[in-house]
Colleague: 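My structure is below; once you've seen it, I'll send some questions.
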Amino acid sequence: MNWSDTYEIVDILCEKYPDKDPEKLLFIDLMNIVTSLEGFSGKKESCNERILEAIQALWIEEKD
């Protein structure tokens, strides 16, 4: 799994962190959570604000 696997990342986040509010997460915290997921092989250096915004927006949408 890499940064481009947004839907897969969000599925795992929803399952692993059902009580976490993605709207209150700082991007640095979101990046750290994603990079700690089992099976994630993306590098922090490859991440940017646009990727984190996409993950956060999809996570918010999935929680609703």
Side-chain angles (χ1 to χ4, degrees):
M1 184 172 32
N2 208 325
W3 291 110
S4 60
D5 301 313
T6 310
Y7 289 98
E8 188 175 352
I9 291 168
V10 171
D11 284 344
I12 294 169
L13 292 173
C14 286
E15 183 178 309
K16 193 168 181 175
Y17 301 102
D19 297 328
K20 195 166 280 291
D21 184 353
E23 292 185 68
K24 297 187 189 245
L25 273 179
L26 299 174
F27 280 161
I28 189 73
D29 295 332
L30 179 56
M31 180 175 64
N32 290 330
I33 289 171
V34 172
T35 56
S36 71
L37 294 175
E38 185 176 330
F40 187 81
S41 60
K43 306 285 186 234
K44 286 185 179 183
E45 301 81 37
S46 301
C47 181
N48 60 44
E49 192 171 311
R50 183 182 222 180
I51 292 169
L52 293 170
E53 284 176 348
I55 293 170
Q56 184 184 43
L58 186 57
W59 193 2
I60 291 167
E61 184 179 314
E62 289 295 315
K63 284 194 68 95
D64 290 341

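No hydrogens, no waters, no symmetry mates; every other heavy atom, side chains included, goes into these values. Nothing fancy with the numbering, it's 1 onward along the sequence.
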Colleague: Enter the distance from Leu13:CG to Lys63:NZ here, rounded to the nearest 0.5 Å.
Modeller: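 It is 10.0 Å, given to the nearest 0.5 Å.
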Colleague: Over all heavy atoms of both residues, which pair between Ile9 and Asn2 is shortest? Give the atoms and the distance, please.
Modeller: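 So the minimum-distance heavy-atom pair works out to CD1-O, 3.5 Å.
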Colleague: List the residues meeting side-chain hydrogen bond (donor to acceptor under 3.5 Å, both in side chains) with Asp11, not counting sequence neighbours, and say none if there are none.
Modeller: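 Residues passing side-chain hydrogen bond (donor to acceptor under 3.5 Å, both in side chains) with Asp11: none at all.
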Colleague: Where do Cys14 and Glu62 come nearest, in terms of heavy atoms and distance?
Modeller: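 So the minimum-distance heavy-atom pair works out to SG-CB, 3.8 Å.
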Colleague: Listing request: all ring-ring contact (aromatic ring centres under 6.0 Å, His included) pairs with a residue in residues 44-64, at least two apart in sequence or in separate chains.
Modeller: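 Not a single pair qualifies under ring-ring contact (aromatic ring centres under 6.0 Å, His included).
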Colleague: Just by distance, do the side chain of Ser41 and the backbone of Met1 share a donor-acceptor pair under 3.5 Å?
Modeller: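 Checked: pair present.
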Colleague: Taking Tyr7 as the starting point, is it possible to reach Ile55 by hopping between hydrophobic residues whose side chains are less than 4.5 Å apart?
Modeller: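 They do share one cluster, since a chain of ILVMFWY contacts under 4.5 Å joins Ile55 to Tyr7.
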Colleague: Do you know the tightest heavy-atom contact between Trp3 and Lys43?
Modeller: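 So the two residues come closest at NE1-O, 2.8 Å.
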Colleague: Between Leu30 and Leu52, what is the shortest heavy-atom contact and its length?
Modeller: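 Of all heavy-atom pairs spanning Leu30 and Leu52, the closest is CD2-O, 3.6 Å.
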Colleague: Check the hydrophobic clustering (I, L, V, M, F, W, Y; side-chain heavy atoms under 4.5 Å; chains of links allowed) and say if Met31 and Tyr17 are grouped together.
Modeller: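 Shared cluster, yes.
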Colleague: Can a donor-acceptor pair be found, under 3.5 Å and without considering hydrogens, that links the side chain of Lys20 to the backbone of Leu25?
Modeller: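 Answer holds: no.
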Colleague: Give a yes or no on whether the backbone of Gly42 and the side-chain of Ser46 come within a donor-acceptor separation of less than 3.5 Å.
Modeller: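 Pair absent, no side-chain N/O of Ser46 close to backbone of Gly42.
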Colleague: Which heavy-atom pair separates Gln56 from Pro22 by the least distance, and what is that distance?
Modeller: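 The pair with the smallest heavy-atom distance is NE2-O, 2.8 Å.
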Colleague: Only counting residues at least two apart or in another chain, list the ones meeting side-chain hydrogen bond (donor to acceptor under 3.5 Å, both in side chains) with Lys44.
Modeller: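 With sequence neighbours excluded, Lys44 shows a side-chain hydrogen bond (donor to acceptor under 3.5 Å, both in side chains) to Asn32, given in chain and number order.
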Colleague: According to a 4.5 Å side-chain heavy-atom criterion applied to Ile, Leu, Val, Met, Phe, Trp and Tyr, with indirect links allowed, do Ile28 and Ile60 form part of one hydrophobic cluster?
Modeller: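 Each belongs to a different hydrophobic cluster.
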Colleague: Quick one: does any side-chain atom of Asn48 pair with a main-chain N or O of Ile51 as donor and acceptor, under 3.5 Å?
Modeller: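 Yes: the side chain of Asn48 pairs with the backbone of Ile51.
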